[in-house]
Structures are given as C-alpha cells and as structure tokens.
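Note that the structure is a prediction, hence the values are computed from the model and not measured. Note on naming: letters A, B, ... go to the chains in the order of the sequence lines (proteins, then strands), and numbering restarts at 1 for each one.
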Amino acid sequence: MSALLTLDGVSRSFGGLRAVDNVSLEIAPGEIVGLIGPNGAGKSTLINVVSGVHPATAGRVVFDGRDITRAKPHAIARGGVARTFQVVQPFPNMTVRENIAAGGAFAGRIASLKQAMQEAGELAAGVGLGDLVDQPANTLTLARRKRLELAKSLAMKPKLLFLDEVNAGLNPAEIDDALALIRRIAEQGVTIVLVEHLMKVVVGISERIVVLQNGALIADDTPEAVLNNQKVIEAYLGKKYAAALSAEGGGP
Amino acid sequence: MRDWLILGVGTLLFGLLALSGDTYLLRLGTMLAMYAVLAMSWNFIGGMTGYPSFATAAFFGLGAYTSAILQAAQMPMAVGWAAAGLVAGGFALLIGLPILRLKGHYFAIASLSIGEILREVVNTSEEITGGGMGMNLPLLRLPPEVQAQAFYLCMLGLAVLTTAVAILVHHGRLGFAFRCIEQNEDAATVLGVDTRTFKTAAFGLSAVFSGVAGAIYGNWVHYIEPLDVFDIMHSVKPLVMVLLGGLGTLFGPIFGAIVFLALEEAVWRNFLGVHAAVLGVLIVAMVLFLPRGLATSFEQIARRFRGKAA
C-alpha cells in the first residue's frame, strides 16, 4: 500500500539550531505510530512542519499524493491533517459546541453552520462532553479541554491525526479513558501519530514506534525492538547508565 | 429572526423622525445614523475580528474625496457615493494584505498611519483635490428642510443597509470565522480557517460603508477639507462607541452611537470650553464601570431580573 504521509530528508532550522534534522519517514494508512524522544528532541517541531505552522527548511513532505511542503496551514488542515496542541488551544469564550463546530465548518467543509453545530453536539457526546456543549470552553477542567481538542480535530474529518501529548497532566483513570477513545478513533480508519512521554501509553497502543533525538531519527521499529535498541536506551538514560544497565544483563 | 424584527421596527421608528421639519432634530438624526454606520463598520474588524483598527478616518476621507472628485467631473451624486464605497473597500483589501500581518499595537499604529498618509496625498495633489483649500460640492436646489430630510433618510438608509449586512455576517460563516480569529488566530488556522482572507474581508467590510458615509457627509455639508474628513476623531469615536455598546455584539455599536451622541450633545452645550475634557472623563468612567459594554450589561441585568422572577 502506498504511504499516506512521506517525509523525505526533512529538516527545520531555527537560526543555527536544527530542530528537525534530515528525517525520512513513511506512514501507511490506518497505522497507529508512536513518536517518542527526550525533551527537545523535535517531536512537536516535526508536527509543526507537517501541519505547515513551521514549514520545512529542507526536504519534502508528501501527504495523500500531494506535495504539502510549502502549503499554508489552513490548506493542509482542509486536506486532511489534524492535530491537537500540547498546550491546549481552545477558543476560550466560545461554547464547547462552537469550538468543535469550527473544525467541521472550516477544515471539515460542512457548508451549513447549522449542520456543523449539530454534528458538533454529536462529537461532544462521543468524547464525553455531551452535558457541557453550551458551556464556554474556559470553564472546562484540563482533562476535558484535552477531550475538547480531540473532538475539535475529529470534526475536521482528518485522514491523519497528530495527538501531541493528549495524556500529559491526566491522572491514570483519565488516561485509560483517553486511550479507549484513541482506539475508537483508530477503528474508524483514522491514521494516528501519537506523541507521548508516558512509555506505558505509547507501548500499549502503538503498532510501531519512531524515536527522535536532537532532531534526528534514531529508531523506527516495533515497540519491543525499540525498547531494546541500544541507541534509544542511551538517548533516554545517557551512555554511562546504558552501559551499566547492559552490564547487569537486564533490559529496561 | 428576532434581529430582523428589531431592524424592521427600528427602521420604522427612525424613519418617522424624517417627517419632522425640525432641522436641529434632523441634523442630530443624520449624525446619529452616520455614527451608527461608522461604529458598526469598525465592529467588523475591531470587535468581531479583534484587530484594533484606526483606519476609519482614512476610509471616511477616501470616500468623501472619491465622491467629491467624481462630482466635480459632473458625475451624478449617486455614482459618486457608489464609487466611494467601492474605492474605499478596494483600497482596504489592498492595504489590508500587508498590514493585517501585524497584530495588536503594531497593527493599530500601521492602520493609524494610513489616514495620515492619505491626508498628505490629498494635501499635495492640489490640481485634483484643491489641497488644503478643500473642495466645494454641488449645492442642491431644494429648500433647507427638504434637504435635511433627504440627507437624514439617505444616512438612515445606509445605517439600515450596514445593520442588515452585520446581521448576515453575525449569523453566518463569515462572522464565525471572524470570532475564531478574534479568540485564537493560530488555533483557527490549524482548524482550516483561511485567516488572511477572512481578516482582509473584515477590513474590507469595515471600509465600504465608512467610505459611503464619508461621501454622503460631503454632500450634506457641501464642503470637505483634509483636516475635517481625515480627522483622527473619525477613527477614535467609533471605537469608543463600540466599547460603550459592547465589543463584537450585533446591536451594541448602535446603542453606543446613541449614548455617545447624547453625551457629546449634552456636554458640548453645557461645557463649551472644556467639553473634550468632560467627555473624556465620562468615557473613562463608562468603560471602567461597564467594561463589557451596555448591550452585555443590559443582558446581564435582564437575566438577573428573570432569575428573580422565576
């Protein structure tokens, strides 16, 4: 099957800093891919490159057969790439329903606002915000704002969905709910790239894990293989501890 | 639906005022309609979209001069007015593309400079505009009361048109996009809102009706000069009216225009020497005590009463 998203030698520099360094990567339709790496590895920057917020300074991004390297963010969104933000970005004074409807009306190409509002109500119920559709978004708790982000991006009817730390700051029970929700989204045929710090979460849900370090791709494999990859262990623990660990003969 | 009903009733009530032959009352009415047009126009870009524009005077003056120049070339008044709207709107679309890249204070300053630049252009193009001498507009051969009634009805008609467009925008996709941009522009982009196009549209909308208002104003007072039509107060007053009435609300700008005109008249009559200072203090007081504007405050008070009755 041909890839949904292809990154070909993609780099992004900010002045002298290469936040993403020569990354090549293919994502097939229907996959759930975990994207991990230490703080500052370039995970969020990679999402920004694909969604057009910070376009690549070198290389090519091809999505669904189209070169989107230089496309504007709103055009990429309309083409089927949705993302949530690590720091949630609701429209604070709009209701939950209006927040979600914006995704449907603009990226989701629903012609009538009325219909977008109606579908927003259904999506809100789907992520467990059904009782709160008419509340302003700024009254929601963090866990609910994260779900709102999710509902907003679902309203866009994406082919590819980037989830940027949707589980950060949630308690274990909330994380279980969020994971169940992500699985349901994947079952609807949406390809998902999950950026996550919590190893348990990524390993549990991803079919494949991609690891970034200092902007470069250092591993791209099944979860088990990635966890035993020497480079990955070094990236997370440092060379000294990684060596000590392998001397003891244990895995992570 | 409710909004169209309010517009219909309002039009009828204000239309009846035209029957009065009192020229003072008609002058006030014409000013009120003009203020309402400018305030609603500003609300498209400043209120709904959240870009604090100080370009209203630029559009007002550009409209006034476009119409005056065409009428000096023997074109009919109506052609001058229509052209004023088109030129002001087209100019806003052109200038909007570069300056709407700026945000906040930077955008405010850039928009402020547009009027100043246009004023200098008009000042120095003496062959066409008469420069600082200003331009006379053709006198109508009608009795003064009839003229007062006619200009009142024209300005009222423009206000009704502006309100009708505002209602359509407010409930439509356009207004929804404006509000998304006002709330969080980056998030709006990622949700598929083409922010550049929508911002430019908001700026264009704010210019069209201001331009026509300037053109009607020119014929109404028969004489325009750069210092008058490009006066910075034409940019500041609409902003104050919208703040008084309720930022981004539909009818707030009209409320604001009524209150502002009432204040201006009352203060101007009673404190001729220091009227600007007194007006300033009143405005500061109102913005301090009614920070979300009259329209929003009325709604809150009404809700409280309804809550008690229930």
Side-chain angles (χ1 to χ4, degrees), chain A residues 47-48 50-54 71-85 87-95 97-117 120 136-138 145 148-149 151-158 161-162 164, chain B residues 1-3 43 46-51 97-98 100-101 103 166-202 242-243 246-250 252 291-293 295-297 299-300 303 307:
Chain A
I47 298 181
N48 285 335
V50 176
S51 59
V53 177
H54 294 136
K72 293 258 179 283
H74 69 87
I76 295 174
R78 292 174 69 103
V81 179
R83 66 167 301 177
T84 64
F85 282 90
V87 179
V88 288
Q89 302 266 9
F91 300 129
N93 295 326
M94 288 191 182
T95 63
R97 185 195 295 278
E98 287 170 329
N99 264 279
I100 301 172
F106 296 104
R109 296 168 190 263
I110 302 175
S112 108
L113 266 190
K114 213 173 157 188
Q115 200 193 335
M117 293 287 181
N138 59 8
R145 282 182 204 204
L148 174 61
E149 280 285 296
K152 273 163 70 179
S153 33
L154 289 179
M156 296 164 66
K157 302 195 178 69
L161 175 57
F162 284 100
D164 197 353
Chain B
M1 204 54 231
R2 191 193 64 147
D3 296 336
N43 196 37
M48 294 185 188
T49 318
Y51 273 70
L97 281 177
L100 285 163
R101 288 166 172 266
K103 281 183 189 169
I167 292 175
L168 288 176
V169 169
H170 197 84
H171 294 294
R173 198 182 178 76
L174 206 56
F176 193 36
F178 293 171
R179 280 198 297 279
C180 290
I181 293 172
E182 189 266 328
Q183 289 279 293
N184 186 335
E185 192 167 340
D186 293 331
T189 307
V190 177
L191 285 178
V193 181
D194 182 353
T195 51
R196 198 172 66 153
T197 304
F198 281 114
K199 280 189 295 189
T200 314
V242 176
L243 286 179
L247 206 62
T249 58
L250 185 51
R292 302 184 59 199
T296 323
S297 304
E299 265 173 35
Q300 281 169 346
R303 207 173 300 149

Distance in Å, B:L191 CG paired with A:F91 CZ, rounded so as to fall on 0.5 Å steps: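 Here the interatomic distance stands at 5.0 Å.
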
Contact origin within A:I100 toward chain B - heavy atom pairs under 4.5 Å: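 Neither the backbone nor the side chain of A:I100 comes within 4.5 Å of chain B.
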
Region of A:M94 that comes under 4.5 Å of a non-hydrogen atom in chain B: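 Both backbone and side chain of A:M94 come within 4.5 Å of chain B.
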
B:R179, part contacting chain A, at a heavy-atom distance under 4.5 Å: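 Backbone plus side chain of B:R179, per the 4.5 Å heavy-atom cut-off to chain A.
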
Close contacts, residues 73-82 of chain A versus chain B, judged by heavy atoms under 4.5 Å: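 So the qualifying residues are A:P73, A:H74, A:A77, A:R78.
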
Donor-acceptor pair, side chain of A:R83 and main chain of B:V190, under 3.5 angstrom: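 Pair absent, no side-chain N/O of A:R83 close to backbone of B:V190.
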
B:Q183 side-chain N/O to A:N93 backbone N/O, donor-acceptor pair under 3.5 Å: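 Flag set: sc B:Q183 to bb A:N93 pair under 3.5 Å.
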
Within 6.0 angstrom of A:K72 NZ, more than 12 heavy atoms from elsewhere: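 Atom NZ in A:K72 is not packed in, count stays at 12 or less.
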
B:R173 atom CZ, over 12 foreign heavy atoms within 6.0 Å: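 Atom CZ in B:R173 is crowded, with more than 12 foreign heavy atoms closer than 6.0 Å.
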
